[in-house]
Peer 1: 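Take this structure first; my questions come after.
The structure displayed is predicted, hence computed values, not measured ones.
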Amino acid sequence: MLDCVNVVKRYGGKFAVNGMSVAIEDAHIYGLLGPNGSGKSTWMKMAAGLIVPDEGQMTLDGVKIGAETKRHIAYMPTEGYFYSYMKIKDVGRYYQDFFDDFDEQQFEKLIADMDLEMNMKVRNLSSGMMAKLKIAVTLSRKAELYLLDEPIGGVDPAARDYILHTIISNYSKDATVILSTHLIGDIEPVLDEAIFLKDGRVFAHRSVEELRETEGMSVDAYFREVFKC
């Protein structure tokens, strides 16, 4: 589905991603895991078509990442990206204008399920509420690939469980989801595969089931062993 071959991205001469190669398959849930500075967010932005690799190539179903592939990829960044004056209903309209696959009824359902209200203003949302809004608007697209950068960062444990449940319950089962997070223990139960990044490269790409069977370790334990956390 998504192929990444020898991709490099530099900022001011420093490698953010350094020769990364990975193949992402259909209908899987991946964890993109690594310490700060390992290249997770930069790689996601390249996969989403927001920044261009300096070297290497990324393709979605054989098509080079760019304007065409953006129609099939729903990306949720870590940064807040809504205007502060907006109401939640305005955020929905904003997405509807930009994306043909945006489902307004799905958005309304998710907003209600998450105990948010359409007339709430973005400027008044807590970090937990903002995380829920970003998830709701992203999952209201009927995409082939969902890229969620730190979807449960900065929220309390109860909200994390709720957000993960919402992700698993609402994305298309034919689609692929890639989750980037530091909170490995929280997302491990939903993962099919784990991609471990170190210094801008893929250190390991393991099936979660295979990792448990052959190594006798959880994803979290393996991460701690590799990165000496």
Side-chain angles (χ1 to χ4, degrees), residues 2 29 32 40-52 60 63 65-183 186-187 190:
L2 178 67
I29 301 178
L32 189 66
K40 300 187 301 298
S41 292
T42 298
W43 183 85
M44 278 201 168
K45 288 176 180 177
M46 287 191 289
L50 298 182
I51 57 176
V52 178
L60 181 73
V63 179
I65 294 295
E68 172 62 24
T69 60
K70 287 181 182 180
R71 297 173 54 201
H72 309 287
I73 297 173
Y75 169 60
M76 193 200 86
T78 55
E79 303 89 350
Y81 53 99
F82 308 127
Y83 295 111
S84 62
Y85 65 80
M86 283 181 164
K87 295 180 180 179
I88 287 178
K89 63 183 178 183
D90 299 323
V91 173
R93 291 169 183 162
Y94 184 76
Y95 260 62
Q96 194 168 30
D97 286 344
F98 273 93
F99 301 107
D100 293 337
D101 62 358
F102 185 79
D103 186 333
E104 185 178 7
Q105 290 185 337
Q106 171 77 347
F107 180 63
E108 291 174 356
K109 175 183 177 298
L110 287 173
I111 291 300
D113 288 348
M114 291 186 172
D115 293 325
L116 299 174
E117 296 178 3
M118 286 293 186
N119 285 320
M120 287 179 169
K121 286 197 172 182
V122 167
R123 68 165 62 97
N124 296 329
L125 299 180
S126 67
S127 59
M129 290 176 177
M130 179 61 77
K132 290 178 178 180
L133 173 57
K134 291 197 296 182
I135 287 292
V137 77
T138 304
L139 293 182
S140 293
R141 289 189 57 198
K142 304 300 183 185
E144 294 179 26
L145 175 63
Y146 296 88
L147 302 171
L148 309 179
D149 198 356
E150 295 288 352
I152 56 174
V155 299
D156 61 69
R160 291 175 202 163
D161 291 342
Y162 191 81
I163 288 171
L164 284 173
H165 173 76
T166 301
I167 293 170
I168 298 307
S169 301
N170 289 279
Y171 82 98
S172 168
K173 301 307 178 186
D174 295 326
T176 290
V177 179
I178 304 178
L179 304 167
S180 166
T181 186
H182 298 93
L183 302 168
D186 291 274
I187 71 163
V190 308

Peer 1: Could you pull out all donor-acceptor pairs under 3.5 Å where a side-chain atom in residues 111-125 meets a protein atom, sequence neighbours excluded?
Peer 2:
residue: D113; atom: OD2; partner: K109; partner atom: NZ; Å: 2.8
residue: N119; atom: OD1; partner: K89; partner atom: NZ; Å: 3.1

Peer 1: Going by side chain to side chain donor-acceptor pair (under 3.5 Å), name the residues that satisfy it together with E79, two or more places apart in sequence or in a different chain.
Peer 2: K45
Peer 1: Applying salt bridge (charged side-chain N to carboxylate O under 4.0 Å, His left out), can you list everything that pairs with K87, at least two apart in sequence or on another chain?
Peer 2: none
Peer 1: Please report the interatomic distance CD1(I51) to OG1(T42), rounded to the nearest 0.5 Å.
Peer 2: 5.5 Å
Peer 1: What residues form a salt bridge (charged side-chain N to carboxylate O under 4.0 Å, His left out) with E108, not counting sequence neighbours?
Peer 2: none
Peer 1: Applying side-chain contact (heavy atoms from CB on, under 4.5 Å) to L133 and F82, what does each step give before you reach the verdict?
Peer 2: CA-CA 10 Å; L133 173 57; F82 308 127; 3.8 Å; yes
Peer 1: Scan residues 127-144 for pairs that pass side chain to side chain donor-acceptor pair (under 3.5 Å), counting only residues two or more places apart or in two chains.
Peer 2: H72-E144, D101-R141
Peer 1: Answer with yes or no whether the side chains of S180 and D149 bring together a donor and an acceptor at under 3.5 Å.
Peer 2: yes
Peer 1: Output all residues satisfying ring pair (Phe, Tyr, Trp, His ring centres under 6.0 Å) with F98, sequence neighbours left out; order by chain, then residue number.
Peer 2: Y94
Peer 1: Once side chain to side chain donor-acceptor pair (under 3.5 Å) is applied, do any residues pair with T166, and if so which ones, sequence neighbours excluded?
Peer 2: none
Peer 1: So do I168 and I29 actually touch side chain to side chain, heavy atoms under 4.5 Å?
Peer 2: yes
Peer 1: Can you name the ring pair (Phe, Tyr, Trp, His ring centres under 6.0 Å) partners of F107, sequence neighbours left out?
Peer 2: F102
Peer 1: Enter the distance from L32:CG to L148:CG here, rounded to the nearest 0.5 Å.
Peer 2: 11.5 Å
Peer 1: Quick one: list whatever passes salt bridge (charged side-chain N to carboxylate O under 4.0 Å, His left out) with D156, sequence neighbours left out.
Peer 2: none
Peer 1: Is there a side-chain contact (heavy atoms from CB on, under 4.5 Å) between I73 and I65? Walk through the geometry before answering.
Peer 2: CA-CA 10 Å; I73 297 173; I65 294 295; 4.2 Å; yes
Peer 1: With rounding to the nearest 0.5 Å, note down the distance linking CD1 in I152 to CG in L183.
Peer 2: 4.5 Å
Peer 1: Of all residues at least two apart in sequence or in a different chain, which pass the side chain to side chain donor-acceptor pair (under 3.5 Å) check with D186?
Peer 2: none
Peer 1: Mind checking what makes side chain to side chain donor-acceptor pair (under 3.5 Å) contact with Y162, not counting sequence neighbours?
Peer 2: none
Peer 1: Run the ring pair (Phe, Tyr, Trp, His ring centres under 6.0 Å) test against Y75 and tell me which residues pass, sequence neighbours left out.
Peer 2: none
